[in-house]
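Just so you know, these numbers use all the heavy atoms, side chains as well, and skip hydrogens, waters and symmetry mates.
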Amino acid sequence: MLEEIKPKKVGIIPCNGEEICEGSITRFASRKVLDKLRPNDTVTVCLPLFIAGGKEEREFAKNYPTITVDGCDKRCSQISTEKLSGRPYHSIVVSDLLKEHSIEPPKSRRALTDKDQAAVDLVADEITKKVDEILEKS
Ligand code: SF4
């Protein structure tokens, strides 16, 4: 029997929301996963380059599992990924996740307070859980 080939990397695709605070959380949380929590298991896909026609980005997202991380329910990253490369393995919407856990969104887009860090940690943990699920580590 053929052994199923397991993916070795997961692509994290955060939206580029600068206009709302939840949009900043997508990038802080994704960076935490990429730099600290799962540096060997994840790569990031640059959404603007992906949309602008970046060949490597589109190929990667076609051939490897991806997790999109959107600040709000407009789901810019999820929709772009679905259009350009295929369905993400998992899609996170930060505003929904914060609501589910009764965590207030940050008030500033520039600086995070200690309280805001809880929001970053929650989103980063959710991304990590999904990465582990994909790589069958959990
Ligand atoms: S998903 Fe929401 S926060 Fe992110 S880029 Fe789109 S509109 Fe902005």
Side-chain angles (χ1 to χ4, degrees):
M1 197 169 85
L2 275 179
E3 211 181 299
E4 203 181 315
I5 299 168
K6 291 181 191 167
K8 293 209 165 37
K9 293 269 182 203
V10 177
I12 312 289
I13 315 181
C15 80
N16 275 78
E18 285 293 346
E19 76 287 19
I20 63 163
C21 299
E22 288 91 331
S24 309
I25 295 287
T26 64
R27 291 186 308 286
F28 282 114
S30 298
R31 267 304 10 133
K32 185 177 174 189
V33 176
L34 290 155
D35 295 340
K36 292 190 181 148
L37 300 177
R38 293 294 181 273
N40 299 319
D41 298 329
T42 53
V43 294
T44 189
V45 176
C46 170
L47 187 61
L49 182 57
F50 185 48
I51 293 168
K55 259 191 164 178
E56 278 179 35
E57 280 70 17
R58 289 190 186 182
E59 276 307 304
F60 180 89
K62 234 179 237 169
N63 296 314
Y64 288 84
T66 54
I67 298 172
T68 55
V69 190
D70 282 307
C72 72
D73 63 6
K74 291 198 173 92
R75 297 174 182 261
C76 299
S77 176
Q78 182 185 347
I79 290 169
S80 306
T81 305
E82 282 173 358
K83 269 192 197 148
L84 300 170
S85 289
R87 202 177 157 79
Y89 176 90
H90 189 68
S91 297
I92 294 169
V93 175
V94 171
S95 54
D96 292 349
L97 194 64
L98 297 187
K99 233 181 258 162
E100 259 171 52
H101 290 262
S102 307
I103 294 180
E104 268 188 47
K107 301 232 181 311
S108 162
R109 285 170 292 170
R110 306 254 170 264
L112 292 179
T113 64
D114 287 348
K115 224 170 116 195
D116 300 337
Q117 194 56 48
V120 172
D121 294 345
L122 175 74
V123 177
D125 287 349
E126 181 69 14
I127 299 171
T128 303
K129 210 162 70 186
K130 292 299 168 185
V131 169
D132 289 351
E133 201 176 289
I134 292 169
L135 299 175
E136 290 180 353
K137 280 186 177 169
S138 51

Legend entry - Residue list, side chain to side chain donor-acceptor pair (under 3.5 Å) with R31, at least two apart or on another chain: D35
Legend entry - Distance in Å, Q117 CD paired with I25 CD1, rounded so as to fall on 0.5 Å steps: 8.0 Å
Inset, instruction - Just jot down the side-chain contact (heavy atoms from CB on, under 4.5 Å) partners of D96, sequence neighbours excluded, or say none. - result: R75, V93
Legend entry - Qualifying residues under side-chain contact (heavy atoms from CB on, under 4.5 Å), relative to P48, sequence neighbours excluded: N16, C46
Legend entry - Pair listing, salt bridge (charged side-chain N to carboxylate O under 4.0 Å, His left out) test, anchored in residues 112-121, at least two apart: K32-D121
Inset, instruction - State, yes or no, whether a side-chain contact exists between I103 and L122 at a heavy-atom distance under 4.5 Å. - result: yes
Legend entry - pair K9-T42: side-chain heavy atoms closer than 4.5 Å: no
Inset, instruction - Indicate yes or no for a side-chain donor-acceptor contact from D70 to the backbone of C76 under 3.5 Å, with no hydrogens or angles considered. - result: yes
Legend entry - Side-chain heavy-atom pair R38, L34 within 4.5 angstrom cut-off: no
Inset, instruction - Measure the shortest side-chain to side-chain distance between D125 and L37 over non-hydrogen atoms and say whether it is less than 4.5 angstrom. - result: yes
Legend entry - Results of salt bridge (charged side-chain N to carboxylate O under 4.0 Å, His left out) for D73 - residues two or more places apart only: none
Inset, instruction - Could you pull out all residues at least two apart from S30 that satisfy side chain to side chain donor-acceptor pair (under 3.5 Å)? - result: none
Legend entry - Within one Ile-Leu-Val-Met-Phe-Trp-Tyr cluster: I13 and V43, side-chain cutoff 4.5 Å: yes
Legend entry - Side-chain heavy-atom pair V45, I12 within 4.5 angstrom cut-off: no
Inset, instruction - Taking all heavy atoms of I127 and all of I67, pick out the closest pair and write down the distance. - result: O-CD1, 3.9 Å
Legend entry - Partner set under side-chain contact (heavy atoms from CB on, under 4.5 Å) for P88, not counting sequence neighbours: T66, T68, Q78, T81, E82, S91
Legend entry - Derivation of the side-chain contact (heavy atoms from CB on, under 4.5 Å) call for S77 and V69: CA-CA 7 Å; S77 176; V69 190; over 6 Å; no
Inset, instruction - Any pair with a residue in residues 48-60 that passes side-chain hydrogen bond (donor to acceptor under 3.5 Å, both in side chains), sequence neighbours left out, goes on the list, sorted by first then second residue, please. - result: E59-N63
Legend entry - Pairwise side-chain contact, H101 with L97, heavy-atom cut-off 4.5 Å (strictly under): yes
Inset, instruction - For residues A124 and V33, report the shortest heavy-atom separation together with the two atoms involved. - result: O-CG2, 3.5 Å
Inset, instruction - With sequence neighbours excluded, tell me which residues meet side-chain contact (heavy atoms from CB on, under 4.5 Å) with Y89. - result: P65, E133, I134
Inset, instruction - For F50, check ring-ring contact (aromatic ring centres under 6.0 Å, His included) against everything at least two apart and list the hits. - result: none
Inset, instruction - Search all heavy atoms of R27 against all heavy atoms of P14 and return the closest pair with its distance. - result: CG-CB, 4.3 Å
Inset, instruction - Heavy atoms only: give me the nearest T26-G71 pair and the separation to one decimal. - result: CG2-N, 3.4 Å
Legend entry - Any residue meeting salt bridge (charged side-chain N to carboxylate O under 4.0 Å, His left out) with E104, in chain and number order, not counting sequence neighbours: K107
